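Notes for the one structure printed next.
Since the structure is predicted, the reported quantities are computational estimates derived from the model, not experimental observations.
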Amino acid sequence: MNFILGTVPRWAEVSFPVFERICLVILALLSLVLIVLVFMQITGGSETNNVITGNKDSYYSQNKSGSREGRITRLVYICLGLVAFFAIVYFMLLKIYGSF
């Protein structure tokens, strides 16, 4: 690509808007999934401290990654990473496409 002279290949003019729309749709879908996953998380008194020792560790808290709550938390982190990735790609394409 020769941005200095202002000439852009035809494939870039055609494909960048398509990739931009695909990234925007993926961002919207991931955001909806993220909202549902956050609402599915259990909030409650399972994080209470031990009064005598001040320790929060229990058998459940040490092994909760295999439970439903642990899987949902892992999915939330994966969705957050994907949202960050596609947001960066989307705004990069927006910057490139906006310069045409």
Side-chain angles (χ1 to χ4, degrees):
M1 292 185 207
N2 193 353
F3 290 113
I4 296 172
L5 298 177
T7 59
V8 178
R10 177 77 179 131
W11 67 268
E13 285 184 44
V14 174
S15 63
F16 278 158
V18 173
F19 290 141
E20 185 180 1
R21 288 186 188 114
I22 289 172
C23 282
L24 192 60
V25 168
I26 291 173
L27 268 173
L29 292 175
L30 282 172
S31 298
L32 289 174
V33 168
L34 192 59
I35 290 170
V36 170
L37 286 174
V38 167
F39 281 130
M40 287 176 58
Q41 283 183 332
I42 299 171
T43 58
S46 64
E47 296 291 326
T48 57
N49 288 336
N50 188 349
V51 176
I52 297 172
T53 63
N55 196 2
K56 292 172 79 172
D57 292 334
S58 66
Y59 180 75
Y60 175 72
S61 66
Q62 290 175 355
N63 298 313
K64 73 177 180 180
S65 64
S67 68
R68 177 181 176 267
E69 184 180 347
R71 287 189 299 259
I72 290 175
T73 303
R74 192 175 319 122
L75 284 174
V76 166
Y77 288 138
I78 290 170
C79 282
L80 283 173
L82 289 173
V83 164
F85 172 76
F86 281 108
I88 290 169
V89 169
Y90 173 74
F91 285 110
M92 285 176 52
L93 290 176
L94 188 66
K95 180 73 173 174
I96 292 171
Y97 179 65
S99 65
F100 290 153

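When the options Leu37, Leu34, Val36 are evaluated for a side chain to side chain contact (heavy atoms under 4.5 Å, CB included) with Leu75, the one that passes is Leu37. When Ile26, Leu27, Val33 are each tested for a side chain to side chain contact (heavy atoms under 4.5 Å, CB included) with Val83, only one passes: Leu27.
Remark: Ile88 CD1 to Cys23 SG distance equals 11.5 Å, nearest 0.5 Å. With values rounded to the nearest 0.5 angstrom, Ser15 atom OG is found 10.0 Å from Arg10 atom CZ. Atoms CD and CE, from Glu20 and Met92 in turn, are 12.5 Å apart once rounded to the nearest 0.5 Å. Atoms CD1 and OH, from Ile22 and Tyr90 in turn, are 13.0 Å apart once rounded to the nearest 0.5 Å. Interatomic distance, CE of Met40 versus CZ of Arg71, reported as 10.0 Å (0.5 Å rounding).
Linking Ile, Leu, Val, Met, Phe, Trp and Tyr residues whenever their side-chain heavy atoms come within less than 4.5 Å places Leu30 and Leu24 in a single cluster. Connection of Val38 to Leu82 is not established within any shared hydrophobic cluster, with ILVMFWY side chains joined at heavy-atom distances below 4.5 Å, either directly or through further cluster members.
Phe39 shares a hydrophobic cluster with Ile35; the chain of contacts runs through ILVMFWY side chains whose heavy atoms sit under 4.5 Å apart.
Looking at residues two or more places apart in sequence or on another chain, you find a side chain to side chain contact (heavy atoms under 4.5 Å, CB included) between Val25 and Leu29.
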